Amino acid sequence: MTRLQCNRHKLFHHKTFFVKACFLLIFSGTIFAEQKARFVVTEATKQGSVEKVLEYTKAQINQMSVPSEKRGVIIFLAGLQEQLGLYEEAQATYAKAAGISAGDAEEMPKKSNEQLVLDAVRCALNYGEYTLANRYLNSAVRNSKSENIQAYVKLYEQWSALCEAEKSEDVIEPLEILKTYAKLPSMKSVHPAILLTLWYISGDSSYAEEIKKTFANSTEASIVKGDIQLLPLPFWFFVPKLGVAEQGVGTFSQGIENTETVVVKKSEPNQKFTKWQLGLFKTENNAKLLCDELKKKSFDAFVVSEKRASGTTYYIVLVNEDSNGSVADKLRSSGYDCYPVD
């Protein structure tokens with residue numbers, strides 16, 4: 001065989017190998033194809049701890065390239081961060097998902113990019129960043145043709161104004177606007193949230209009664225009845241109030257109203273938690289205000305700081321457990337939700 005024939009033979013061999021390799025890749029797609037969002041989410045929930053779920057999900061996102069599937073996993077991550085109270089991280093993650101021009105991933109919850117922007121707004125308000133919230137609200141979402149989206153834009157604008165308020169006079173105008181919104185058919189999708197805000201800021205029990213009567217199975221009704229406690233986040237905790245919004249003492253989960261029996265939340269027997277977390281703030285003074293309020297109510301409260309990977313320092317309000325293991329019950333009876341810390 002001549003040198004030329006030998007080279008041609010080698011070239012033919014390489015081409016044949018390449019074709020076979022392509023054939024294998026095509027027909028074994030389940031091995032080489034990128035994982036779907038639904039699969040990633042399912043695997044994430046098997047990771048054993050919250051930290052590992054977050055770590056696994058972030059690692060998978062970095063390896064994904066199909067826009068719709070990647071967007072689906074990012075939305076899952078944002079929702080998880082929000083549930084964990086990581087509002088700054090959730091805000092950024094929702095915004096990242098909203099910036100991806102793609103449809104919904106297969107077998108994943110459907111969310112438009114406009115909805116994701118509003119999710120980012122809500123998270124920004126939850127940690128007191130009304131300036132950032134306003135920036136999101138002034139984006140393309142303001143021109144949405146969806147009545148539901150427009151309703152949330154208008155609601156969140158007033159929430160932002162309340163978040164910015166520093167004294168009682170500052171909340172009067174937003175409340176008047178919300179009272180007007182409560183009468184508009186176009187705002188019906190956020191009607192429970194409007195009523196809850198009016199009740200919480202003004203202390204007017206008529207709003208609470210309307211929530212329980214008209215929206216008996218809503219989250220807002222559960223808050224009014226005392227089945228759910230509002231977290232002491234900057235938006236809810238530090239907004240100046242015109243009155244005291246008194247929650248109920250709790251009812252059965254079925255929503256039975258006229259009953260003398262109430263749910264009493266008990267700590268787990270033989271619990272080993274030594275501290276309870278109440279608030280997470282970016283401003284140290286806000287954390288100290290909550291801490292001082294707790295001390296006035298005889299709770300052994302203190303503030304610690306924690307610097308996150310993002311570079312942001314958070315101030316966490318903690319309360320020490322007592323010898324009876326009853327601090328959680330006392331906190332919840334006083335209107336504070338809390339989470340155990342080892």
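Here the structure is a predicted model, which is why all the values come from computation and not from measurement. Throughout, numbering of the chain's residues begins at 1 and tracks the sequence.
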Tell me whether Val66 shares a hydrophobic cluster with Phe39, the cluster being built from Ile, Leu, Val, Met, Phe, Trp, Tyr side chains joined at under 4.5 Å.
no
With sequence neighbours excluded, tell me which residues meet salt bridge (Lys or Arg N to Asp or Glu O under 4.0 Å) with Glu107.
none
Hey, are the side chains of Tyr94 and Val121 touching, using non-hydrogen atoms and a 4.5 Å cut-off?
no
So which pairs with a foot in residues 115-139 pass salt bridge (Lys or Arg N to Asp or Glu O under 4.0 Å), sequence neighbours left out?
Glu82-Arg122, Lys111-Asp119, Asp119-Arg122, Glu129-Lys282
Tightest non-hydrogen contact, residues Val317 and Ala287, listed as CG2-O, 3.6 Å
Test item: Ser139 side-chain N/O and Tyr136 main-chain N/O as donor-acceptor pair under 3.5 Å:
yes
Look only at the side chain of Asp300 and the backbone of Glu321, and say whether a donor-acceptor pair between them is shorter than 3.5 Å.
no
Can you tell me how far apart CE (Met187) and OG1 (Thr180) are? Round to the nearest 0.5 Å.
10.0 Å
I'd like to check Glu293 versus Lys296 (side-chain heavy atoms, cut-off strictly below 4.5 Å). Are they in contact?
no
Those residues that, when tested against Ser205, pass side chain to side chain contact (heavy atoms under 4.5 Å, CB included) (two or more places apart)
none
Test: Glu210 and Lys213 ion pair at under 4.0 Å:
no
List in chain and number order the residues that pass side chain to side chain contact (heavy atoms under 4.5 Å, CB included) with Phe302, two or more places apart in sequence or in another chain; answer none if no residue qualifies.
Lys275, Val304, Leu318, Asn320
Keeping Glu69 on the side-chain end and Ala105 on the backbone end, is there a donor-acceptor pair under 3.5 Å?
no
Would you say that Ile211 contacts Ser218 through its side chain, given a criterion of any heavy-atom pair below 4.5 Å between the two side chains?
yes
Straight-line distance of Ile316 CD1 to Glu306 CD, nearest 0.5 Å:
4.0 Å
Decide if atom NZ of Lys52 counts as having more than 12 heavy atoms of other residues, nucleotides or ligands within a radius under 6.0 Å.
no
Calculate, to the nearest 0.5 Å, the distance between atoms OG1 and CG belonging to Thr57 and Leu77 respectively.
6.0 Å
Side chains of Asn113 and Arg71 in contact at under 4.5 Å (non-hydrogen atoms)
yes
Might you point out which heavy atoms bring Gly103 and Ser68 nearest each other, and give the distance in Å?
O-CB, 3.4 Å
Are more than 12 heavy atoms, taken from residues, nucleotides or ligands other than Glu173, located less than 6.0 Å from that residue's CD atom?
no
Atom pairs and distances, side-chain donor-acceptor, residues 193-202, under 3.5 Å, sequence neighbours left out:
from	atom 1	to	atom 2	distance (Å)
Thr197	OG1	Trp159	NE1	3.0
Thr197	OG1	Ala193	O	2.7
Tyr200	OH	Trp236	O	2.6
Ser202	OG	Leu198	O	2.5
Ser202	OG	Asp204	N	3.1

Do any N or O atoms from the side chain of Asp104 and from the backbone of Met108 form a donor-acceptor pair under 3.5 angstrom?
no
Within 6.0 Å of CD in Glu169, more than 12 heavy atoms from elsewhere
yes
Atom NZ of Lys295 and atom NZ of Lys288: how far apart are they, to the nearest 0.5 Å?
9.5 Å
Mind checking salt bridge (Lys or Arg N to Asp or Glu O under 4.0 Å) for Glu43 and listing every partner two or more places apart, or none if nothing turns up?
Lys46
Does Lys188 have more than 12 heavy atoms from other residues, nucleotides or ligands lying within 6.0 Å of its NZ?
no
Residue pair Leu84 / Glu89, side-chain heavy-atom distance below 4.5 Å:
no
Could you grab the distance from atom OG of Ser305 to atom CD of Glu284, nearest 0.5 Å is fine?
7.5 Å
Heavy-atom pair with the smallest gap, counting every atom of Ile74 and Ala97:
CG2-CB, 3.7 Å
Summary of salt bridge (Lys or Arg N to Asp or Glu O under 4.0 Å) pairs that have at least one residue in residues 53-67, sequence neighbours excluded:
none
Nearest 0.5 angstrom please: Thr93 OG1 to Ile61 CD1, how far?
7.5 Å
Do Ile75 and Tyr152 sit in the same hydrophobic cluster, where Ile, Leu, Val, Met, Phe, Trp and Tyr count as joined when their side-chain heavy atoms come under 4.5 Å apart?
no
Kindly determine whether Lys179 and Tyr207 satisfy side-chain contact (heavy atoms from CB on, under 4.5 Å), including the steps that lead there.
CA-CA 10 Å; Lys179 288 178 185 177; Tyr207 295 117; 3.5 Å; yes
Is the backbone N or O of Lys167 less than 3.5 Å from a side-chain atom of Asp170, with the two atoms forming a donor-acceptor pair by type?
yes
Residue pairs passing the salt bridge (Lys or Arg N to Asp or Glu O under 4.0 Å) test where at least one lies in residues 148-157, sequence neighbours excluded
Arg142-Glu157
If two hydrophobic side chains count as joined below 4.5 Å and joins carry through other members, does Met64 share a cluster with Leu116?
no
Looking only at non-hydrogen atoms, find the nearest pair between Val327 and Phe299 and report the distance.
O-CE2, 4.4 Å
Is there side-chain contact between Leu118 and Leu137, with heavy atoms separated by less than 4.5 Å?
yes
Specify the closest pair of heavy atoms between Leu294 and Ala301, including all atoms of both residues, with the distance to one decimal.
CB-CB, 3.8 Å
Indicate yes or no for a side-chain donor-acceptor contact from Ser160 to the backbone of Tyr156 under 3.5 Å, with no hydrogens or angles considered.
no
If I compare all heavy atoms of Arg38 with all of Pro109, which pair ends up nearest, and what's the gap?
NH2-CD, 4.3 Å
Under the salt bridge (Lys or Arg N to Asp or Glu O under 4.0 Å) test, residues paired with Asp292 that sit two or more places apart:
none
Given a cutoff of under 4.5 Å between side-chain heavy atoms of I, L, V, M, F, W and Y, with clusters grown through shared members, what are the other residues clustered with Ile172?
none
With a 4.5 Å cut-off on side-chain heavy atoms, are Leu86 and Leu54 touching?
yes
For Glu106, which residues count as a salt bridge (Lys or Arg N to Asp or Glu O under 4.0 Å) partner, sequence neighbours excluded?
Lys36
What residues, two or more places apart in sequence or in another chain, satisfy ring pair (Phe, Tyr, Trp, His ring centres under 6.0 Å) together with Phe215?
His191
